[in-house]
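In what follows, a single structure is set out as structure tokens and then discussed.
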Amino acid sequence: MASLLCEICGNEFDPGQGRCPYCQASCGSGRMSAVGPFHRVINLERGMPLVQQALDRLEMAIVEANSQGAKVLTLIHGYGSSGRGGAIKAAVQRQLHLLFLQGRIKEIVYSEEFKGRSKRGRHLLRRFPFLAGHRDLNRANPGITLVIL
């Protein structure tokens with residue numbers, strides 16, 4: 001059964017609850033989206049963590065997603081309040097590169113590459129059709145990175 005994803009705080013919850021139990025956003029606000037069993041959205045910047053806390057959250061999310069059979073993670077790491085990129089984004093992308101080299105993740109898809117008209121984007125959409133409804137498809141949102149497990 002699909003759960004709802006709160007676009008305010010990034011947490012998943014059961015659709016029957018009516019509002020997010022974490023931030024209390026209403027389901028009727030249009031700020032919720034369905035998340036299927038193969039896709040997880042992980043908000044690494046929720047609560048303004050320190051870089052190491054965000055990296056720990058990333059590690060836990062990958063372990064949990066693998067154990068649940070998820071295929072794609074959307075990581076929300078933010079872009080930094082300066083608009084030039086943030087410490088969490090840089091650290092997460094370095095860690096993802098290391099995890100790729102270790103064989104723990106299959107692919108890293110940076111937001112700039114997540115376009116339905118690019119060769120890589122078309123390939124991703126063929127492999128994972130559920131990504132066609134992704135809110136950041138074709139937006140080049142510098143605050144996210146997709147991970148293929």
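In this structure, Arg104 and Glu59 have side chains that are in contact, with non-hydrogen atoms separated by less than 4.5 Å. With a 4.5 Å cut-off on side-chain heavy atoms, Gln102 and Leu99 count as touching. Under the 4.5 Å side-chain criterion, counting only non-hydrogen atoms from C-beta, Ile105 is in contact with Ile62. Between Ile42 and Thr74, every side-chain heavy-atom pair lies at or beyond the 4.5 Å cut-off. Looking at heavy atoms from C-beta onward, Gln53 lies in side-chain contact with Leu50 at the 4.5 angstrom threshold. Considering only heavy atoms from C-beta on, His77 stays 4.5 Å or farther from Glu45 through its side chain. Contact annotation: the side chain of Gln68 approaches that of Arg40 to within less than 4.5 Å [non-hydrogen atoms, C-beta and beyond].
With no hydrogens or angles considered, a side-chain donor-acceptor pair links Gln93 and Thr145 at under 3.5 Å.
One finds the CG atom of Leu58 at 11.0 Å from the CD1 atom of Ile88 (value rounded to the nearest 0.5 Å). A distance of 8.0 Å separates CG in Leu146 from CG in Asp136, rounded to the nearest 0.5 Å. A distance of 10.5 Å separates CD1 of Ile108 from CD1 of Ile148, quoted to the nearest 0.5 Å. To the nearest 0.5 Å, atom CD of residue Glu113 and atom NE2 of residue His123 are 12.5 Å apart.
At a threshold of 4.0 Å, the pair Glu107-Arg120 counts as salt-bridged, since one of the basic side-chain nitrogens sits closer than that to a carboxylate oxygen.
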### Task
Test side-chain contact (heavy atoms from CB on, under 4.5 Å) on Leu44 and Ile76 and set out the steps.
CA-CA 6 Å; Leu44 298 174; Ile76 302 171; over 6 Å; no
### Message
Assess the residue pair Phe130 and Phe38 against the criterion (side-chain contact (heavy atoms from CB on, under 4.5 Å)); give the C-alpha distance rounded to whole Å, side-chain angles, the decisive distance to 0.1 Å, and a yes or no.
### Response
CA-CA 9 Å; Phe130 55 85; Phe38 300 115; 3.8 Å; yes
### Task
Kindly determine whether Phe114 and His134 satisfy ring-ring contact (aromatic ring centres under 6.0 Å, His included), including the steps that lead there.
CA-CA 10 Å; Phe114 189 42; His134 195 288; 5.0 Å; yes
### Query
What do the steps show when you test Lys106 against Lys71 for side-chain contact (heavy atoms from CB on, under 4.5 Å), and what is the final call?
CA-CA 10 Å; Lys106 293 180 182 172; Lys71 302 295 182 201; over 6 Å; no
### Query
After noting the C-alpha distance and the side-chain angles of Val72 and Leu131, does the key distance pass the side-chain contact (heavy atoms from CB on, under 4.5 Å) rule?
CA-CA 9 Å; Val72 180; Leu131 290 177; 4.2 Å; yes
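Listed for the Arg57 side chain is a donor-acceptor partner under 3.5 Å among the backbone atoms of Arg46. Ser111 places a side-chain N or O within donor-acceptor distance of the main-chain N or O of Asn141, the cut-off being under 3.5 Å.
When the side chains of ILVMFWY residues are joined at heavy-atom separations under 4.5 Å, either directly or via intervening members, Tyr110 and Leu75 end up in a single hydrophobic cluster.
When all heavy atoms of Leu55 and Ala91 are compared, the closest pair comes out as CD2-O, 3.7 Å. Summarising the geometry of Ala132 relative to Leu125, their closest heavy-atom pair is N-CD2, 3.5 Å, with the distance given to 0.1 Å. Contact between Ala65 and Leu149 at its shortest, heavy atoms only, is CB-CD1, 3.6 Å.
Within a 6.0 Å radius of CZ in Phe100, other residues, nucleotides and ligands contribute 12 heavy atoms or fewer.
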